[in-house]
Student: 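My questions will all concern the structure given below.
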Amino acid sequence: MLVTRGFKGKRRQGDDARRRLPPGQFLTPEFPVLTAGPTQHTATDRWSLSLQFGGKLLGSWSWDQFNALPQTDLTVDIHCVTKWSKFDTKWRGVTIDDLIAAAGLEGSPSSFLMAHCDGGYSTNLLLSDLLGGRAMIATHFADLPLLPSHGGPARLLVPHLYFWKSAKWVRRLAFREEDKPGFWESLGYHRRGDPWLEQRYEGDR
Ligand SMILES: Nc1nc2c(c(=O)[nH]1)N[C@H]1C(S)=C(S)[C@@H](COP(=O)(O)O)O[C@H]1N2
Ligand SMILES: [Mo]
């Protein structure tokens, strides 16, 4: 009897993990670092985040100004295209909705956005994937300031897409009328990267 109950308990845990794991992924307790190129080290007194559309600057925040914006906590599962997933990662930062509002905009001026980072990395996103509290500029992980290796002082976090979309050391968000591929997207990765649809490479559904 006891043995059976213990066995069922374990089964339930396993089933829950399987439901939360997108196809082809495995679960890791680690937090691997994946970077194309060197880790960026940008001092917060030289850091700013800007929002632009075409040639126009829509908003710009120094580190102190950015940290005075409304802060949101988000606990989410993350999924890397190299097949590791990590559950219950805890982040704090400013949602893209709050950032757009802080710029005095009613909403997004375009359907697409390119995130640009220190070091030259970029990634393209649909605004529909960034709004509704689903994405943020994160400055904290597990209640601690984000380490440089994980994108500190600030990174984009779009947890429902493959983790290459969560651009580390992000500095500039450029609204765009047209979708253009970013760094990995121009090397054959998928434009959108939904892990539940296994949108890994260009041409995947
Ligand atoms: N600026 C920048 N952001 C980046 C990358 C990068 O190389 N440069 N790698 C991406 C990839 S492929 C992944 S899986 C995640 C890894 O984030 P982590 O190192 O915090 O796990 O960052 C993404 N953001
Ligand atoms: Mo990745």
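Sequence positions, counted from 1, serve as the residue numbers for this chain. The analysis underlying the following values was restricted to heavy atoms, covering all of them including side chains, and did not include hydrogens, waters or symmetry mates. Read the numbers this way: they start at 1 and go in the same order the structure lists the ligands and their atoms.
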Student: Tell me whether the NZ or CZ atom of R20 lies within the 45° cone about the ring axis of F87 and under 6.0 Å from its centre.
Tutor: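 So R20 does make the cation-pi contact.
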Student: Is any side-chain heavy atom of M114 less than 4.5 Å from a side-chain heavy atom of T123?
Tutor: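 They are not in side-chain contact.
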Student: Identify, with sequence neighbours excluded, every residue that meets side chain to side chain donor-acceptor pair (under 3.5 Å) alongside Q40.
Tutor: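 In terms of side chain to side chain donor-acceptor pair (under 3.5 Å), with neighbours along the sequence ignored, Q40 is linked to no residue.
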Student: Could I get the full list of side chain to side chain donor-acceptor pair (under 3.5 Å) partners for E202, not counting sequence neighbours?
Tutor: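 None.
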Student: Can you pull out every salt bridge (charged side-chain N to carboxylate O under 4.0 Å, His left out) where at least one residue sits in residues 95-106? Sequence neighbours excluded, please.
Tutor: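 Residue pairs passing salt bridge (charged side-chain N to carboxylate O under 4.0 Å, His left out), neighbours aside: none found.
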Student: Can we say D77 and K86 salt-bridge, meaning some charged N sits less than 4.0 Å from an Asp/Glu carboxylate O?
Tutor: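 K86 and D77: not salt-bridged.
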Student: Under a 4.0 Å heavy-atom cut-off, what residues line ligand 1?
Tutor: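 Residues near ligand 1: F31, P32, V33, L34, T35, A36, C80, W84, C117, Y121, S149, H150, R155, F163, W164, S166, A167, K168, W169, W184.
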